[in-house]
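Notes for the one structure printed next.
Reckoned from all heavy atoms, side chains included, excluding hydrogens, waters and symmetry mates. For this chain, numbers begin at 1 and follow the sequence in order.
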Amino acid sequence: FIRYSKAVSANGISEIIGSNDDFSCMLRTEYLNTFDFKNMDIMRAYRLFISTFNLRGESYILYNLMEDFSKKYFSDNPNKLFTSENQVFT
């Protein structure tokens with residue numbers, strides 16, 4: 001619901017889903033599950049993902065967001081250009 005909610009600003013989404021606590025990790029996973037990156041090139045998928053919030057905050061927030069984006073992208077596109085989640089991340 002957070003992706004489509006008017007109650008949460010684009011500025012607040014990255015801070016809410018980017019934190020390290022268990023609740024934020026669960027929200028981040030559910031947030032990413034609202035996207036379908038299948039058969040999408042990585043730049044298009046990345047642009048789609050970051051267009052839904054303002055990418056800001058501490059470096060650990062950005063790291064968490066990008067790490068989980070990489071996992072989701074790889075999960076949606078197995079046996080494509082990348083051979084691991086780490087390749088997507090780097």
key: Working for side-chain contact (heavy atoms from CB on, under 4.5 Å), residues Y31 and D68   = CA-CA 10 Å; Y31 188 80; D68 285 357; over 6 Å; no

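Note that CG of L32 and CD1 of I17 are 6.5 Å apart. Values are rounded to the nearest 0.5 Å. To the nearest 0.5 Å, the span separating OH on Y63 from CZ on F89 amounts to 4.5 Å. Separating the CD atom in E30 from the SG atom in C25 is a distance of 12.0 Å, to the nearest 0.5 Å. Distance CG/N77 to CZ/F37: 9.5 Å, rounded to 0.5 Å.
Between D76 and K72, at least one side-chain nitrogen of the basic residue sits less than 4.0 Å from a carboxylate oxygen of the acidic one, meeting the salt-bridge criterion. In summary, R44 and D41 do not engage in a salt bridge, as defined by a charged side-chain N under 4.0 Å from a carboxylate O.
Although no hydrogens or angles enter the test, the distance criterion places no donor-acceptor pair under 3.5 Å between the side chain of K71 and the main chain of M66. The main-chain N or O of F69 is never found under 3.5 Å from a side-chain atom of R28 such that the two would form a donor-acceptor pair.
Ring orientation note: the planes of F49 and F53 are nearly perpendicular, at an angle over 60° on the 30°/60° scale.
When only modelled atom types and interatomic distance are considered, N64 and N20 share a side-chain donor-acceptor pair under 3.5 Å.
Summarising the geometry of M40 relative to Y73, their closest heavy-atom pair is O-OH, 2.5 Å, with the distance given to 0.1 Å. Looking at every heavy atom in both residues, V88 comes nearest to I42 through CG1-CD1, 3.6 Å.
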